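Single-structure report; data block below.
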Amino acid sequence: MVFKIHNTLNEVILVIDIGGTSYKGALVNKDGEIIYRYKIKAADYGSKEKFLSAIFDLISKLNIKAKINNQKVIAMSFSIPGAIDTEHGIIKYSNNLDLENLNFKKELIDKYKNIPIFMLNDANAATLGEARKGIAKDYANVVFLTLGTGVGGGIIINHKLYAGSQFMGAELGHMSIDINGKLCTCGRKGCFEAYASARALVNYTKEGLNKYKDSKMWREINNDINNINGSVSFETLKKYPNDFGAKEVVNKYIKYLSEGILNYCNIFRPDIILIGGGVSEQGDYLVNLINDYCKNYNYGFKSTPIPLIKTATLKNDAGIIGAAYFALENLK
């Protein structure tokens with residue numbers, strides 16, 4: 001089943017993708033195409049007043065552009081990091097914004113009374129974007145993982161976005177894979193995020209550099225420990241396949257990432273698993289390593305449906321496009 005929403009001339013969704021460092025605004029048509037975009041710097045961390053002022057200013061700029069282009073804004077939709085009560089429009093808690101229990105929808109309705117307003121968690125928005133307009137658009141059951149500072153994610157079941165009660169589920173990064181393991185930022189021990197995020201990969205790389213003083217990873221960072229990022233071990237291993245340090249780091253990371261993916265295989269039996277975030281820049285090299293691990297260690301792998309594993313394609317536009325589709329599919 002493929003969703004196709006036919007466009008009505010000059011009707012658009014006003015979308016804002018809210019991040020910790022910037023707010024990306026866009027006008028999106030009913031075919032999920034971004035026809036105008038505008039970005040502003042994020043407001044001061046934790047200031048409700050400055051946050052709302054910046055959002056209102058961005059909405060105003062987008063509305064002016066729509067008016068100039070003779071376009072009608074039929075809804076507004078927001079992609080927001082954190083625990084978002086989608087049904088009631090409340091930002092329950094957002095660490096990236098340092099906001100808590102903000103009735104965001106009420107603030108918007110008070111100012112924009114005649115426009116339908118929608119909002120959802122940013123990872124769910126990105127998942128919906130990939131499922132409607134990206135590489136997963138032809139698949140009914142999708143698991144999407146974003147590997148960044150943390151591990152975000154989203155789930156599509158039978159073409160529908162699933163996020164549980166109040167739309168605050170699908171926290172795929174906070175499944176524990178070792179109850180006696182590393183302490184996660186959420187307060188629990190052994191979360192998938194603590195082992196499979198880009199931050200975890202950087203930590204493994206530091207450990208590898210300290211252990212293997214002759215590793216070519218040192219050359220990759222120009223002998224400056226401050227140059228470490230999530231690509232160092234992978235790029236080193238591509239160039240020097242026998243480098244023990246890089247191989248140990250990559251194998252450790254792939255083990256934890258793949259074990260989490262295998263859990264999602266057994267729970268959801270998805271048709272496709274998408275990898276997004278900074279680590280996904282490794283493309284097929286990353287995917288091939290995950291596939292090799294899964295084939296060797298998955299319980300029932302040979303007798304259960306084998307999902308495709310791909311890297312996401314929409315990149316930074318996924319949240320904008322997903323938020324637009326969320327509005328379109330929920331308009332009454």
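Only a predicted model underlies this, so the values are computations on that prediction, with no experimental measurement involved. Throughout, residue positions are numbered sequentially from 1 according to the sequence presented.
Qualifying salt bridge (Lys or Arg N to Asp or Glu O under 4.0 Å) partners for K252, counting only residues two or more places apart in sequence or in other chains: E207. Remark: A131 engages I156 in a side-chain contact (heavy atoms from CB on, under 4.5 Å) (not counting sequence neighbours). Applying the ring-ring contact (aromatic ring centres under 6.0 Å, His included) rule to F144 yields no partners; only residues at least two apart in sequence or on another chain are considered. Looking at residues two or more places apart in sequence or on another chain, you find a salt bridge (Lys or Arg N to Asp or Glu O under 4.0 Å) between K239 and E220. In this view, D17 and K24 satisfy the salt bridge (Lys or Arg N to Asp or Glu O under 4.0 Å) rule, not counting sequence neighbours. Among residues two or more places apart in sequence or in another chain, the side-chain contact (heavy atoms from CB on, under 4.5 Å) test is passed with N69 by K65, Q71. Here E248 pairs with K211, Y212 under the side-chain contact (heavy atoms from CB on, under 4.5 Å) rule; sequence neighbours left out. Among residues two or more places apart in sequence or in another chain, the salt bridge (Lys or Arg N to Asp or Glu O under 4.0 Å) test is passed with R219 by none. Partners of A327 under the side-chain contact (heavy atoms from CB on, under 4.5 Å) rule, at least two apart in sequence or in another chain, are I13, A75, S77, F118.
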Exercise. Hey, mind stepping through E329 and K160 against salt bridge (Lys or Arg N to Asp or Glu O under 4.0 Å) and telling me if it holds?
Worked result: CA-CA 10 Å; E329 293 170 14; K160 294 182 179 180; over 6 Å; no
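No side-chain donor-acceptor contact under 3.5 Å links S280 to the backbone of T311. Judged by distance alone, with hydrogens and angles left aside, the side-chain atoms of D85 form no donor-acceptor pair with the main-chain N or O of G89 at under 3.5 Å. A side-chain donor-acceptor contact under 3.5 Å links T205 to the backbone of L201. Of the possible donor and acceptor atoms, one in the side chain of N141 sits under 3.5 Å from a partner among the backbone N and O of N158. In this structure a side-chain-to-backbone donor-acceptor pair under 3.5 Å is missing from E87 to F167. Looking at E193, its side chain does come within 3.5 Å of a backbone N or O of V151 through a donor-acceptor pair. A distance-only check finds a donor-acceptor pair linking the side chain of N29 to the backbone of D31 [under 3.5 Å]. S22 places no side-chain N or O within 3.5 Å of a backbone atom of I40 that could act as its donor or acceptor partner.
Electrostatic pairing of D243 and K247 does not count as a salt bridge here, judged by no charged N lying under 4.0 Å from a carboxylate O. Note on E281 versus K315: salt bridge recorded, some NZ/NE/NH1/NH2 to OD/OE distance being below 4.0 Å. Using a 4.0 Å cut-off between a side-chain N of Lys or Arg and a carboxylate O of Asp or Glu, D44 and K50 qualify as a salt bridge. Using a 4.0 Å cut-off between charged nitrogen and carboxylate oxygen, E100 and K92 do not count as a salt-bridge pair. Ion pairing between K182 and D178 fails under the 4.0 Å rule for side-chain N and carboxylate O.
Other residues sharing the hydrophobic cluster of I68, ordered by chain and number and joined by side-chain separations under 4.5 Å: I64.
The hydrophobic cluster containing V12 also contains I59, counting ILVMFWY residues as joined when their side-chain heavy atoms lie under 4.5 angstrom apart, directly or transitively.
Taking the side chain as every heavy atom from C-beta outward, Y293 and E259 approach each other to under 4.5 Å. Under the 4.5 Å side-chain criterion, counting only non-hydrogen atoms from C-beta, Y264 is in contact with M175.
Pairs passing the ring-ring contact (aromatic ring centres under 6.0 Å, His included) check and including a residue from residues 229-253, sequence neighbours excluded, do not occur. For residues 21-43, the set of pairs meeting the ring-ring contact (aromatic ring centres under 6.0 Å, His included) definition, not counting sequence neighbours, comprises Y23-F51.
Applying the 6.0 Å contact sphere to NZ of K48 captures no more than 12 heavy atoms from other residues, nucleotides or ligands.
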